[in-house]
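Beneath this line is the structure, given in structure tokens, with notes to follow.
To find a chain, count down the sequence lines: A is the first, B the second, and so on, and within it residues start at 1.
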Number of protein chains: 2
Amino acid sequence: MPAEHAILGLLAQNPDGAHGYDLARHFAGDEPLGAILRLEPGMLYHHLKKLDKTGWVAATVEQQGLRPPRQVYRLTPDGEAELRRWLSEPVERTRDIRLDFLVKLFFAQRTQPETVEALIAHQREMLTRNITSLAEQRAALAAKPDTDDRDRSFTLAVLDLRRSQTEAALEWLDQLSPIASNG
Amino acid sequence: MPAEHAILGLLAQNPDGAHGYDLARHFAGDEPLGAILRLEPGMLYHHLKKLDKTGWVAATVEQQGLRPPRQVYRLTPDGEAELRRWLSEPVERTRDIRLDFLVKLFFAQRTQPETVEALIAHQREMLTRNITSLAEQRAALAAKPDTDDRDRSFTLAVLDLRRSQTEAALEWLDQLSPIASNG
DNA sequence: AGAGCCATGTAAGAGGTTACATGATTAG
DNA sequence: CTAATCATGTAACCTCTTACATGGCTCT
């Protein structure tokens, strides 16, 4: 779940804590985070409660006169550890590059820029492994007897699509150096 | 929802109808459909009931001695119209190529092969449009003042990833000719 | 005799979307 | 005076996942 880790990441940038409405702004369309991940108020408040129950954030109440009191959330040590763990781990599937990996990249850059190169390198290995596996599946299928020609050519097309998507992600990764270096 | 249209597609290949267990086999891992779309029994039976309520399939009961009676589902004229409509329509977002478009391709090939080339051509146009739009967004962002450098370079990376994924899908589409021609 | 197939489902829960409810404050 | 902003949430409703319930039949 990238959304909850994104919340942890935002709190990691704000040692004084933040309340729901503060955080919500970062998930709007004109913010960089909002370009990859939209979070409606309902879900945001839901995640905050869940994170509180898990112990990754801690809430304190701030009275506000006549407005509803603010719940100010701060990252706990457990939450920080979880964030670090998550940020160091590449995503397994190519389709998760689009969302999960971008969120990782975003917060790695902002909260621990020295880890960005390692994250990219690990992700690179993972994608390379996936390409190898796809090549193996392709070879196995081509060699498989008793297969309808239409079925085979369709499944080959499926594997080829995955390969092309994974290779594209890999090439994109290799051009991320500006982010990695001056982040 | 590709799952429900996949069910319609399977029934379109079986004018005598099929029952849930029959259909379930097509969504197993070793079948070509299963390579793109897994459907557990629970969801399959749920979709069948929903399609029945919508009027896209019609059920008749077949007694089976001591086993539970079979619900045999047949495609209705409405269901067939819906399937045709869906099969002729490209997907809007690149990320839906992986699932929805592949399902469309699979069933277009098997139930109306003469439409495959048009489907591919329409999808090609859609992807080309998306690439143009991404280029525009990229230009707009590069020209935008008052933007944090880190924010800008991150959002540029997001747009570049989308472009690379969309271009990869486009190149893959252009090599689908074997399926289109001898399907 | 036991494993796996046939054939249908239900139940519980996680995760998400959309819309609404509340009510003061501030900006135009 | 109206609209947007601040600040919190709830409610209803989907979708999907995982696991289980039932019980005869067929194969080894």
Side-chain angles (χ1 to χ4, degrees), chain A residues 1-8 10-11 14 16-31 34 36-54 56-57 59-73 93 95-96 98-100 103, chain B residues 1-7 10-11 14 16-31 34 36-54 57 59-73 93 95-96 98-100 103:
Chain A
M1 17 248 65
E4 295 186 4
H5 287 93
I7 293 172
L8 297 182
L10 288 173
L11 292 179
N14 255 39
D16 297 337
H19 53 98
Y21 199 86
D22 262 355
L23 298 170
R25 273 188 281 256
H26 293 276
F27 297 103
D30 53 340
E31 294 295 316
I36 42 174
L37 181 60
R38 298 292 171 88
L39 212 46
E40 301 304 316
M43 273 313 281
L44 176 59
Y45 287 108
H46 170 75
H47 286 310
L48 284 170
K49 284 206 167 164
K50 220 183 120 201
L51 289 169
D52 191 9
K53 220 171 58 183
T54 313
W56 290 342
V57 307
T60 54
V61 181
E62 266 185 20
Q63 289 302 330
Q64 282 279 109
L66 291 164
R67 290 187 187 170
R70 284 176 169 168
Q71 306 288 325
V72 177
Y73 293 95
R93 298 167 307 191
R95 63 172 176 270
D96 294 330
R98 215 192 87 243
L99 231 158
D100 302 59
V103 174
Chain B
M1 14 247 67
E4 295 186 3
H5 288 91
I7 293 171
L10 288 173
L11 292 178
N14 255 39
D16 297 336
H19 53 98
Y21 200 86
D22 262 354
L23 297 169
R25 274 189 280 258
H26 294 277
F27 296 104
D30 54 338
E31 294 295 315
I36 41 175
L37 182 59
R38 297 292 171 87
L39 211 48
E40 301 304 315
M43 275 310 284
L44 176 59
Y45 287 108
H46 170 76
H47 286 311
L48 283 170
K49 283 203 167 165
K50 219 184 121 200
L51 289 169
D52 192 9
K53 219 170 60 183
T54 314
V57 307
T60 55
V61 181
E62 266 184 21
Q63 288 302 329
Q64 282 278 107
L66 293 164
R67 289 187 187 166
R70 283 176 171 167
Q71 306 286 327
V72 177
Y73 294 95
R93 296 167 306 188
R95 62 171 176 271
D96 294 330
R98 214 192 87 244
L99 230 161
D100 302 59
V103 174

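- Residue whose closest nucleotide on DNA chain C sits further toward the 5' end, between A/Pro41 and A/Ala3: A/Ala3.
- With C/dT8, C/dG16, C/dT18 as the candidates, the nucleotide lying closest to the side chain of A/Glu40 is C/dT18.
- In this structure, the separation between CG on A/Asp22 and CG on A/Leu10 is 10.0 Å, given to the nearest 0.5 Å.
- Where A/Gly42 and B/Tyr73 meet DNA chain C, the nucleotide closest to each residue was compared, and B/Tyr73 sits on the side nearer the 5' end.
- Separating the CD atom in A/Glu4 from the NE2 atom in A/His46 is a distance of 7.0 Å, to the nearest 0.5 Å.
- A/Ile7 places its CD1 atom 13 Å from the P atom of C/dG15, with the value rounded to the nearest Å.
- Side-chain N/O atoms of B/His26 and B/Glu31 include no donor and acceptor closer than 3.5 Å.
- Put simply, OH on A/Tyr45 is 17 Å from C1' on C/dT18, counting in whole angstrom units.
- Rounded to the nearest 0.5 Å, atoms CG (A/Leu51) and CE (A/Met1) are 11.0 Å apart.
- Across the helix from C/dA1-D/dT28 to C/dG28-D/dC1, the helix axis at one end is tilted relative to the axis at the other end by 30° (nearest 10 degrees, each axis from five pairs).
- Computed from coordinates, the A/Glu4 CD to C/dG16 C1' distance equals 12 Å when rounded to whole Å.
- If you take CG of B/Leu23 and C1' of C/dC6, they are 14 Å apart, rounded to a whole angstrom.
- Following rounding to the nearest Å, A/Gln63 (CD) and C/dA24 (C1') show an atom-to-atom distance of 15 Å.
- Regarding contacts with the backbone of C/dA14, every side-chain N or O of A/Lys50 stays at 4.0 angstrom or more from both OP1 and OP2.
- Interface limits on DNA chain D: the 5'-most and 3'-most nucleotides within less than 4.0 Å of chain B heavy atoms are D/dT15 to D/dC25.
- Note that the CD1 atom of B/Ile7 and the CG atom of B/Leu44 stand 5.0 Å from one another [nearest 0.5 Å].
- Summarising the geometry, atom CE belonging to A/Met43 is positioned 16.0 Å from atom CZ belonging to A/Arg38; distances are rounded to the nearest 0.5 Å.
- With rounding to whole Å, A/His47 atom NE2 is found 14 Å from C/dA14 atom P.
- Contact check, B/Arg25 against C/dC6: a side-chain N or O comes under 4.0 Å of OP1 or OP2.
- Once rounded to the nearest 0.5 Å, the distance linking CZ of A/Arg98 with CZ of B/Arg93 reads 8.0 Å.
- Taking atom CD on B/Glu62 and atom C1' on C/dA7, their separation rounds to 13 Å, with Å as the unit.
- We find that CZ of A/Phe27 is positioned 17 Å from C1' of C/dT17, with the value rounded to whole Å.
- There is no side-chain donor-acceptor pair under 3.5 Å between B/His19 and B/Gln71.
- Heavy atoms of A/His19 sit under 4.0 angstrom from primed sugar atoms or phosphate atoms, though from no base atom.
- Under the 4.5 Å side-chain criterion, counting only non-hydrogen atoms from C-beta, A/Leu11 is in contact with A/Leu23.
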